[in-house]
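Below is one structure, written out as structure tokens; comments come after it.
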Protein chains: 6
Amino acid sequence: MATVKLWTDAEVAADARVQAVFDDIRTTRNSDFINNFWRALANQPDVLERTWANLKQVMFAPGALDPLTRELIYIAVSAINSCTYCIHSHTAGARAKGLTDQQHAELLGVIAMASQTNALANALQIPVDPEFPVS
Amino acid sequence: MATVKLWTDAEVAADARVQAVFDDIRTTRNSDFINNFWRALANQPDVLERTWANLKQVMFAPGALDPLTRELIYIAVSAINSCTYCIHSHTAGARAKGLTDQQHAELLGVIAMASQTNALANALQIPVDPEFPVS
Amino acid sequence: MATVKLWTDAEVAADARVQAVFDDIRTTRNSDFINNFWRALANQPDVLERTWANLKQVMFAPGALDPLTRELIYIAVSAINSCTYCIHSHTAGARAKGLTDQQHAELLGVIAMASQTNALANALQIPVDPEFPVS
Amino acid sequence: MATVKLWTDAEVAADARVQAVFDDIRTTRNSDFINNFWRALANQPDVLERTWANLKQVMFAPGALDPLTRELIYIAVSAINSCTYCIHSHTAGARAKGLTDQQHAELLGVIAMASQTNALANALQIPVDPEFPVS
Amino acid sequence: MATVKLWTDAEVAADARVQAVFDDIRTTRNSDFINNFWRALANQPDVLERTWANLKQVMFAPGALDPLTRELIYIAVSAINSCTYCIHSHTAGARAKGLTDQQHAELLGVIAMASQTNALANALQIPVDPEFPVS
Amino acid sequence: MATVKLWTDAEVAADARVQAVFDDIRTTRNSDFINNFWRALANQPDVLERTWANLKQVMFAPGALDPLTRELIYIAVSAINSCTYCIHSHTAGARAKGLTDQQHAELLGVIAMASQTNALANALQIPVDPEFPVS
């Protein structure tokens, strides 16, 4: 149940601006499958273009963090933000990039660990040690 | 400014249970420095023992994710939970494990990216594609 | 699936205190439709009365912010709090108050933008410029 | 206390890529003042460029929502994400765009109202009325 | 550092509406001390009156939960919402109502425990057992 | 819809390590029913063992907070973290421990109250009174 319409391929085909983004998604990901996230953003072409341009740069450009590590970080953020859609899509994405059960277990371990120490440090308002900050 | 007392080494020395945890922290991390988080938890020996036992297992045991990757995930969770203390302590921890400026930049990129798509997916209540869930 | 019973109109009619609130909701909103939020709060008459009294004042009293702007702010808060119910009910509410597709797109743009800079400012623990605070 | 260095104007001047962004910020905002957020992002030129490009489009482009309304939504998101820096910078920004005390009071009213009904709707897991979703 | 002015007693005395709330706070809490929260809300008399009326009813009216239990719940919510001010004020409030070190330790234990299982249940998107919901 | 498989009793029986935890859950809770949370964690035996060991200590050991109070705190944390699963399981748990409708109503009242003052204190960045912190 969404608050907006999810665009079908036929509806996308009738809008050149949206179609261009969908074409680039398919090419970049080397897959015909377009998930609901983009079909919902199609209602807001500005947001669609900006979000895809950002995502393409952040998740697909070569860099110092390998693609699977980026997905692990993405899952962690999505779990804490309680984003059902993003947890599902990026767990699937991580699996497609080779996530093993052992890696998944350790990811869950760190997410749970950080959540509990975050709660404790906040509940106790522990002052930052002067050794930590850079400036 | 904390809601509890931060224990000095002298106060720790007077409590065998707390001292045992502090000894293990120093041995495990191969460092004499004990940060404020543990000095605050010293007020609650049950919580101290449980939290350190968990952390030692999650962050120090050999596994499928290398120690720096675990710190990156930890920072991501802490940033979303808005835990000032944990952001500082685990960014320092990541630096000690070799975090480069380029890796830090990409970590920030993924955290920012996930935050914005989380907000969009939640605001639009996009339904999970049937291709994603496992069960 | 709720953790409490949702009251039917017949059940409401048997409880004068709940009925009085439902009557005022119908009169104030000039509509016969009562959504599930109020049918769930009917189990807690104190909470029901207090919440409706607050909402009536905050959302319906004349003021310096027009009703649609108030709904935009409401949607933004609900998206960040990951409240499925409130995102749906207030997006519907905003539409009923004339929300255009263009306004919706810009709302989403700001929500996504703020989410990403919030994450960055928190992850970097950027100190507040002395020019900003009032006291 | 930040986890990264805050760049001075002299340091910015030595980096053409960062200087170009700072120049555009000054021109776009018609002000010489550059706040700490950008001085911190200067460490990550990719993130700096992407974030500023997004912000310029979202907050400065003409559109259906006036600049002050966009700032109100920005403050609301930042308050819920508990981003100290962003709350301060965007409250200052809203004041610069003419925020009155009465508007501020009503903004706070809606933020507080939404927060309480979000908590109630989540705590009760109230099902979305079938009248609300679009698809 | 606040985004608004904190009212002094002299400023309060010059505003009958604010003074009436401050008088009731002093009487209800049987103390002359007025903390900064109310001195900040004094800028928004509508919000001040509504918030105090709600708080008086929720935290001071006789009921099925004793005053200390209500404070424990308040601290838990405030820790998860990362509200520095509220964590401090309600931990002080709980101490004034007799919070023992052992109770504080157990409160922290439950907050940390819930945070970690929340993160796990969200990260795994575990479906609700049909035995749990009421309707 | 989960991101992992939910283990059946037959699958559990084939894994001695998981079976041992399930046996202890059944004994400790004096019930044959094992809810989906544990059936999902069975995929990660380390996380399963650690989480159950923690939960058993935090929620079942005798202490200064009675079992129902611990459940109330658990529900409050889960509501703010927007954890659908945990809200349902711990509301059911609280009912099994004797939660009355009146207690539930007051719990909801405190959760809503804290949420609104958290939002206000954060939005106004109210400075902590020097009377509050311990160290």
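In what follows, chains are A, B, ... by sequence order, proteins preceding strands, each numbered from 1.
- Atom CG of residue B/Asn81 and atom CG of residue E/Asn81 lie 10.5 Å apart, to the nearest 0.5 angstrom.
- Between B/Ser82 and E/Ser82, the closest heavy-atom pair is O-OG, 2.9 Å.
- Side chains of B/Asn43 and E/Asp101 form no contact here, defined as non-hydrogen atoms less than 4.5 Å apart.
- To the nearest 0.5 Å, atoms OG1 (B/Thr51) and CD (E/Gln116) are separated by 8.5 Å.
- Between B/Gln44 and E/Ala105 the shortest heavy-atom distance is CG-CB, 3.4 Å.
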Inset, instruction - Assess whether side-chain contact (heavy atoms from CB on, under 4.5 Å) is satisfied between E/His104 and B/Val4, documenting all intermediate values. - result: CA-CA 10 Å; E/His104 197 198; B/Val4 292; 3.7 Å; yes
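- Side chain of E/Thr91 to main chain of B/Thr3: no donor-acceptor pair is present (N/O by atom type, distance under 3.5 Å, no hydrogens or angles).
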